[in-house]
Number of protein chains: 2
Amino acid sequence: MSEPSLACCTPLTGTPMSAEQAEQVAPLLKALADPVRLRLVSLIAASAGGEACVCDLNDAFDLTQATISHHLKVLHTAGLLDREKRGVWVHYSVRPAALDAVATLFTTAVPA
Amino acid sequence: MSEPSLACCTPLTGTPMSAEQAEQVAPLLKALADPVRLRLVSLIAASAGGEACVCDLNDAFDLTQATISHHLKVLHTAGLLDREKRGVWVHYSVRPAALDAVATLFTTAVPA
DNA sequence: TTAAGACATCGATGTCCGTCGATGTCTCCG
DNA sequence: CGGAGACATCGACGGACATCGATGTCTTAA
């Protein structure tokens, strides 16, 4: 399933983006372009230890467990979340490198 | 059509995001979560004067003029692009504040 | 072994989205 | 006035997506 290579990216501003680069980064943004998934990432990132188990995540939404599981899978497939099974529970954590890659996109060559 | 208020946003990391905040920011990301639109923004931002006319933009893609026009409208409606008609041509420019808002999302409280 | 609980997967359904050809609107030029 | 060119809008179509209920898989406890 070829783990996405976390497309390193030059900032949006500055140099025009290549088609290939755009194709690589767009899925990352698409994975984040959903209110539920945005909150999921935020909840996980803000949790103690930078990780959270699905059971806690479920309670934060008025959605079916199946739906939450689906969203977590999307984020994991996009390379934004790591997955670790510990006993009965599954813990998800944020991949900092993935967020950094996206951040780089919007960082307009910060001046000194 | 209530110009989007360019939801100022706390970083994803740190504090959990509210549902309202997520609903505000998600459309911005959704507008950017497309390879074509990503390249459009990049092309415009990288152009001289920070703006570009549709005629030039059309040539950069193997897509119909109608499709490019559609994508530009999506970006404009999301508040990411400004539109100015000058004679026969229409010039689009990037709204820095919009990109900054998104950048803030992914800026993980940079350490010293 | 059996039962219960935590997640994932499956199949269905309604909605949204990208793309296109055709057509409309506006502006400039002759 | 009339034509040409730049861009927007419209209507349609195929594919993708969010959500759900039902069911499957795995782990721990009794």
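Any value given below was found using the heavy atoms of this structure, including those in side chains, with hydrogens, waters and symmetry copies removed. Here the structure is a predicted model, which is why all the values come from computation and not from measurement. Residue numbering restarts at 1 for every chain, and letters A, B, ... go by the order of the sequence lines.
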*Asks:* Could you label the plane-to-plane angle of the B:His76 and B:Tyr92 rings as parallel, tilted or perpendicular, counting under 30° as parallel and over 60° as perpendicular?
*Replies:*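 Ring orientation, 0 to 90° scale: perpendicular.
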*Asks:* Set out, in order, the CA-CA distance, both residues' side-chain angles and the distance that settles side-chain contact (heavy atoms from CB on, under 4.5 Å) for A:Val102 and A:Val25, then state yes or no.
*Replies:* CA-CA 8 Å; A:Val102 180; A:Val25 183; 5.6 Å; no
*Asks:* Quick one: side-chain hydrogen bond (donor to acceptor under 3.5 Å, both in side chains) partners of B:Arg39, sequence neighbours excluded?
*Replies:*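 If we apply the side-chain hydrogen bond (donor to acceptor under 3.5 Å, both in side chains) test to B:Arg39, skipping adjacent residues, there are no hits.
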*Asks:* When the distance from CD1 of A:Ile68 to P of C:dA6 is rounded to whole Å, what number comes out?
*Replies:*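 Computing the A:Ile68:CD1 to C:dA6:P distance gives 15 Å.
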*Asks:* To the nearest 0.5 Å, what is the distance between CZ (A:Arg37) and CD1 (A:Ile68)?
*Replies:*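 With rounding to 0.5 Å, CZ (A:Arg37) is 11.0 Å from CD1 (A:Ile68).
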*Asks:* Please give, in whole Å, the distance from D:dC26 P to A:Arg83 CZ?
*Replies:*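 Spelled out: CZ on A:Arg83 to P on D:dC26 is 12 Å.
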*Asks:* Counting only side-chain nitrogens and oxygens, does B:Thr67 get under 4.0 Å of the OP1 or OP2 atom of C:dC20?
*Replies:*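 Answer yes for this pair, as a side-chain N or O of B:Thr67 is under 4.0 Å from OP1 or OP2.
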*Asks:* Both B:Val90 and A:Val36 contact DNA chain D. Taking the nearest nucleotide for each, which residue is further toward the 5' end?
*Replies:*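 Result of the comparison: B:Val90.
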*Asks:* What is the separation between atom CG on B:Leu72 and atom P on D:dA8, rounded to the nearest whole Å?
*Replies:*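 From B:Leu72 CG to D:dA8 P: 7 Å.
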*Asks:* Sequence neighbours excluded, which residues qualify as side-chain contact (heavy atoms from CB on, under 4.5 Å) partners of A:Asp56?
*Replies:*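 By the side-chain contact (heavy atoms from CB on, under 4.5 Å) rule, A:Asp56 matches A:Cys53.
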*Asks:* Return the nearest nucleotide to the side chain of A:Lys85; candidates are C:dT27, D:dC26, C:dC7.
*Replies:*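 Looking only at heavy atoms from C-beta outward on A:Lys85, the closest nucleotide is D:dC26.
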*Asks:* Each nucleotide in nucleotides 10-17 of chain C should get exactly one letter: B, S or -. Can you fill that in based on protein heavy atoms under 4.0 Å?
*Replies:* -------S
*Asks:* Quick one, which residues of residues 48-64 of chain B touch DNA chain D with a heavy atom under 4.0 Å?
*Replies:*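 Under 4.0 Å from DNA chain D: B:Val54, B:Cys55.
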*Asks:* What is the distance from NE2 of A:His91 to C1' of C:dA6, rounded to the nearest Å?
*Replies:*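 Spelled out: NE2 on A:His91 to C1' on C:dA6 is 11 Å.
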*Asks:* Is any side-chain N or O of B:Tyr92 closer than 4.0 Å to OP1 or OP2 of D:dA8?
*Replies:*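 For D:dA8, OP1 or OP2 has a side-chain N or O of B:Tyr92 closer than 4.0 Å.
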*Asks:* Record whether the side chain of A:Gln65 comes under 3.5 Å of the base of C:dA8 through a donor-acceptor pair of N or O atoms.
*Replies:*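 Indeed there is one.
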*Asks:* Round to the nearest Å and state the distance from A:Arg39 atom CZ to D:dA18 atom P.
*Replies:*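 Interatomic distance, CZ of A:Arg39 to P of D:dA18: 16 Å.
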*Asks:* NA contact type, B:Arg86, heavy-atom cut-off 4.0 Å: base, sugar-phosphate, or nothing?
*Replies:*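 Nothing, no nucleic acid heavy atom in range.
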*Asks:* To the nearest angstrom, how far is B:His76 atom NE2 from D:dC7 atom P?
*Replies:*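 Taking atom P of D:dC7 as the reference, NE2 of B:His76 is at 15 Å.
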*Asks:* With a sphere of 6.0 Å drawn around CG of A:Asp62, does it hold more than 12 non-hydrogen atoms of other residues, nucleotides or ligands?
*Replies:*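 No - once you tally the heavy atoms of other residues, nucleotides and ligands closer than 6.0 Å, there are 12 at most.
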*Asks:* For A:Pro35, which residues count as a side-chain contact (heavy atoms from CB on, under 4.5 Å) partner, sequence neighbours excluded?
*Replies:*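 So A:Pro35 forms a side-chain contact (heavy atoms from CB on, under 4.5 Å) with B:Ala22, B:Glu23, B:Ala26.
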*Asks:* Please identify each residue that fulfils side-chain hydrogen bond (donor to acceptor under 3.5 Å, both in side chains) with A:Glu84, with sequence neighbours left out.
*Replies:*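 Per chain and number, A:Glu84 pairs via side-chain hydrogen bond (donor to acceptor under 3.5 Å, both in side chains) with A:Arg86.
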*Asks:* What integer distance in Å separates A:Leu40:CG from D:dA18:P?
*Replies:*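 Distance check: A:Leu40 CG to D:dA18 P gives 12 Å.
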*Asks:* Looking at side-chain heavy atoms only, is the closest gap between B:Val74 and B:Asp34 below 4.5 Å?
*Replies:*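 The answer is no; the side chains never approach within 4.5 Å.
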*Asks:* Using a cut-off of less than 4.0 Å, is there contact between a side-chain N or O of A:His71 and OP1 or OP2 of D:dC17?
*Replies:*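 A:His71 to D:dC17 OP1/OP2: no side-chain N or O under 4.0 Å.
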